[in-house]
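Okay, structure first, notes after.
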Amino acid sequence: SSISGAISWLYYADRITQLPMGVFIISISSILLTLLSKQEAQRNKKHFKRRIDSSLLVVLSITLLSMIGLFVLADLIVDILFKRGKFGFGDVIATSDAILMYAIGLPAFGLIKIFSVIFFSKQDTFTPFKVSTLAMVTNFLFVLYFIDILGHLGIALSLSIASWINALVLYYFLYKKGYWKLDKFIFKNILKIIFSSFLTYIVIIIL
């Protein structure tokens with residue numbers, strides 16, 4: 001709040017970045033929880049893993065493509081939606097830059113939702129709570145470090161970094177507890193998604 005205009009810039013940037021979360025990821029994770037709970041009750045490990053694998057790939061596809069779209073089109077999106085009255089060109093740049101920082105963490109947000117659902121289906125709510133607490137503290141420390149260097153962008157970047165830490169630590173506990181792990185099939189498809197997202201970035205840039 002000590003940075004003039006920062007609250008508005010971060011608010012608008014966060015609303016735009018959260019759109020893919022609200023439309024796609026929340027819906028997918030909610031459905032996944034129901035399906036996984038059913039498979040867990042039936043002790044069907046094969047279908048349990050298959051549901052997670054397919055949901056993970058869909059979420060990564062959506063979040064990576066959304067991230068690419070925000071990287072390229074952030075200025076245009078903010079200009080069309082908000083540039084009027086006292087919200088001038090400088091505000092557009094400040095908000096779009098914040099979108100870029102938030103977008104870095106968008107795939108991590110999706111992974112956190114999927115990983116948390118796996119824990120919930122196993123009736124393990126304490127592990128995600130511990131990890132989210134760690135991420136919250138980490139986010140706060142990063143904010144203290146980055147805000148003097150990057151201003152309001154440091155707040156957005158801190159959240160993205162903390163989200164990736166959250167996702168990675170959640171996966172570590174998933175692997176350690178034997179709930180789920182990456183295999184060659186998933187890893188291969190993730191590489192395909194990354195490559196496709198890169199091609200999408202090139203095409204949008206050219207257009």
Side-chain angles (χ1 to χ4, degrees), residues 13-74 77 99-125 127-128 131-132 135 159-175 177-204:
D14 182 63
R15 292 303 90 193
I16 293 173
T17 310
Q18 290 292 326
L19 182 61
M21 289 281 291
V23 175
F24 299 107
I25 299 172
I26 301 298
S27 302
I28 293 171
S29 61
S30 299
I31 296 170
L32 180 63
L33 178 58
T34 303
L35 294 173
L36 292 185
S37 298
K38 181 180 179 181
Q39 300 299 335
E40 178 65 16
Q42 297 173 350
R43 301 296 179 182
N44 194 328
K45 294 184 178 181
K46 182 178 180 181
H47 284 87
F48 186 88
K49 187 177 188 310
R50 187 181 300 171
R51 298 291 188 187
I52 298 171
D53 293 351
S54 59
S55 298
L56 179 73
L57 293 175
V58 170
V59 165
L60 277 179
S61 298
I62 293 171
T63 53
L64 283 173
L65 288 174
S66 298
M67 182 182 72
I68 294 300
L70 291 174
F71 277 171
V72 181
L73 302 174
I77 292 172
I99 289 176
L100 299 183
M101 297 296 104
Y102 278 132
I104 294 172
L106 193 53
F109 298 149
L111 292 175
I112 291 169
K113 288 295 181 183
I114 297 297
F115 292 163
S116 296
V117 162
I118 301 173
F119 284 104
F120 296 156
S121 68
K122 298 286 188 179
Q123 299 184 351
D124 181 356
T125 58
T127 300
V131 177
S132 63
L159 179 61
S160 292
I161 295 174
S163 297
W164 277 109
I165 293 174
N166 191 340
L168 292 173
V169 175
L170 279 175
Y171 175 73
Y172 168 77
F173 282 111
L174 284 175
Y175 181 84
K177 292 174 179 289
Y179 293 162
W180 180 81
K181 65 178 180 179
L182 289 168
D183 55 24
K184 291 183 179 179
F185 171 78
I186 292 295
F187 187 73
K188 182 179 179 180
N189 280 279
I190 289 176
L191 291 179
K192 289 180 180 179
I193 292 171
I194 294 174
F195 180 70
S196 299
S197 299
F198 176 73
L199 291 181
T200 302
Y201 175 79
I202 298 298
V203 170
I204 297 177

Checklist outcome for this item: On a heavy-atom basis, the closest approach of Y102 and D14 is CE1-N, 3.7 Å

Item to check | Interatomic distance, L174 atom CG to K122 atom NZ [nearest 0.5 angstrom] | outcome: 10.0 Å

Item to check | Neighbour count above 12 (heavy atom, 6.0 Å) for Y201 OH | outcome: no

Item to check | Shortest non-hydrogen separation from L106 to P20 and the atoms involved | outcome: CD2-CG, 4.3 Å

Checklist outcome for this item: d(L36 CG, I31 CD1) to nearest 0.5 Å is 11.5 Å

Checklist entry - Looking only at heavy atoms, what is the nearest atom pair of L65 and S197, with distance? => result CD2-OG, 4.1 Å

Next on the checklist: Quick check for you: to the nearest 0.5 Å, what is the distance between F198 atom CZ and T200 atom OG1?
Outcome noted: 10.5 Å

Checklist entry - If we only count heavy atoms from C-beta on, is the L32 to F120 side-chain gap below 4.5 Å? => result no

Checklist entry - What residues form a side-chain hydrogen bond (donor to acceptor under 3.5 Å, both in side chains) with W180, not counting sequence neighbours? => result D53

Next on the checklist: Return the CG to CD1 distance between L33 and I118, rounded to the nearest 0.5 Å.
Outcome noted: 11.0 Å

Next on the checklist: When you measure from the centre of the six-membered ring of F119, is the NZ or CZ of K177 closer than 6.0 Å and no more than 45° off the axis?
Outcome noted: no

Item to check | Any L64 side-chain heavy atom under 4.5 Å of I68 side chain | outcome: no

Checklist entry - What pair of heavy atoms forms the shortest contact from A167 to A108, and how long is it? => result CB-O, 4.1 Å

Item to check | Residue pair L111 / V59: nearest heavy atoms and the distance that separates them | outcome: N-CG1, 4.4 Å

